[in-house]
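Worksheet: the structure to be examined is printed underneath.
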Number of protein chains: 2
Amino acid sequence: MQKYEELLVSLRKVTRAIGLYSKKLSKESGLTSPQLIVLKEIDQHKGCMVKDIAQSINLSSATVTSILDRLEARSYVIRERSLTDKRRVGLHLTELGKTVVKDAPRPLQAHFIDRFEKLEEWEQTQLVSTMQRIASMMDAENLDAAPLLEVGALQDMTTPE
Amino acid sequence: MQKYEELLVSLRKVTRAIGLYSKKLSKESGLTSPQLIVLKEIDQHKGCMVKDIAQSINLSSATVTSILDRLEARSYVIRERSLTDKRRVGLHLTELGKTVVKDAPRPLQAHFIDRFEKLEEWEQTQLVSTMQRIASMMDAENLDAAPLLEVGALQDMTTPE
DNA sequence: AACTAATGGTTCGTATACTAACTAAATTAT
DNA sequence: ATAATTTAGTTAGTATACGAACCATTAGTT
């Protein structure tokens, strides 16, 4: 087997583990990982737009819209059309949404996080930088299409309307 | 941002890059990455079963079934129920399927593979083993549920019926 | 002022990807 | 021999996830 295939396989295992955990989480807490992550983003950046969320967590707007549909249907989130710019949609948590996000488990295997945090500092750094290196080796062609916004890098957009 | 969040973000970027490439590939060659990977597995292990494919590339049987549906609809693959054990379904490529898989591009960004292969041997090894380490840190709980079969680890199952 | 471009979001269509429930067949146990 | 279990695969239902096409609105040009 080619080395790059081995890399692919383990990558696939990781994404699968994440997906399986999302399903498990969904059964226990009623929320999938993407739903939880979106909720957290809204919580941290009250009033932010759909596009902000999409960029900060590396999803397309279309995907975020469909996740928001479900979150809104369950009354965790409110969409509020801006008055000054009617294209924009401000996102807010309901009281229920705030409770849910507060009580929600962490968005990845607790096991993984625990283990990760038990590693030496330099080992953690090494894992992260290797992962980032692989990422950069893969998407360099599309870098311009995907602005390098990171989770948590959004400005607070409280009441921009 | 927590270190483990950084790791998550770059992981997300990688899986996204893979997904985007799959879409691009699909437009150019008419095949998505999972379809191509399944075709290659069948090509390398003629007559293998659905379950073998599922295990070797870390997908559920249900997912493989739906991918096979599309491949069969396009006459790339033939399902052949075993006579000795009628539960089993042997998978084979059609002539068309063989041609397609022969002409198909590699199942990941050519750019990535090129770059990867330009790295020093030890660097490649390091990337792979880091990825494997992350994988094992994530799915250890489910290890028993997911046998560690790897791509290419299947025996040749030519005409087992 | 009027036409053009760009932006933000949604909708549509398609493909993954999973579990759970199911059918059918083969094994094992009683 | 017959019942219970296991195995292989499919089907149904749901949730991502994407691009492309589409509104409505805003910004920019002329």
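A note on names: the letters A, B, ... follow the listed sequences, proteins ahead of strands, and every chain is numbered from 1.
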| task | Return the 5'-most residue of the pair R87(B), T63(B) with respect to DNA chain C, ranking by each residue's nearest nucleotide. | result | T63(B)

| field | Position toward the 5' end of DNA chain D (nearest nucleotide), K23(B) or K23(A) | value | K23(A)

| said: Of all nucleotides in DNA chain C that come within under 4.0 Å of a heavy atom of chain B, which is furthest toward the 5' end and which toward the 3' end? | reply: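 Listed 5' to 3', the contact boundaries are dA15(C) to dA26(C).
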
Using the test side chain to side chain contact (heavy atoms under 4.5 Å, CB included), find all partners of [X] that sit at least two apart in sequence or belong to another chain.
{"X": "E28(A)", "answer": "K24(A)"}
{"X": "T94(B)", "answer": "I78(B), L96(B)"}
{"X": "S60(A)", "answer": "A62(A), T63(A), R16(B)"}
{"X": "R79(A)", "answer": "T65(A), L68(A), D69(A), E72(A), V89(A), L91(A)"}

| request: Name all residues meeting the salt bridge (charged side-chain N to carboxylate O under 4.0 Å, His left out) criterion together with D85(B); count only those two or more places apart in sequence or in a different chain, and write none if there are none. | output: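 Testing D85(B) for salt bridge (charged side-chain N to carboxylate O under 4.0 Å, His left out), a comparison that skips the adjacent residues, returns R87(B), R88(B).
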
| task | Could you check which residues of residues 25-34 of chain B get a heavy atom under 4.0 Å from DNA chain C? Sort them by number, please. | result |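 Heavy-atom cutoff 4.0 Å gives T32(B), P34(B).
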
| field | Contacts of Y4(A) that satisfy ring pair (Phe, Tyr, Trp, His ring centres under 6.0 Å) - sequence neighbours left out | value | none

| For K3(A), all residues meeting side chain to side chain donor-acceptor pair (under 3.5 Å), sequence neighbours excluded | E121(B)

| field | Under the side chain to side chain donor-acceptor pair (under 3.5 Å) test, residues paired with E95(B) that sit two or more places apart | value | K98(B)

| said: Using side-chain heavy atoms (C-beta onward) and a distance below 4.5 Å, is R12(A) in contact with L59(B)? | reply: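 Yes, side chains in contact.
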
| Which pairs count as salt bridge (charged side-chain N to carboxylate O under 4.0 Å, His left out) when at least one residue sits in residues 99-109 of chain B, sequence neighbours excluded? |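 Listed once each, the pairs are R106(B)-D114(B).
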
| field | Terminal contacting nucleotides, 5' and 3', DNA chain D versus chain A (heavy atom, 4.0 Å) | value |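 The protein-touched segment is dA15(D) to dT26(D).
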
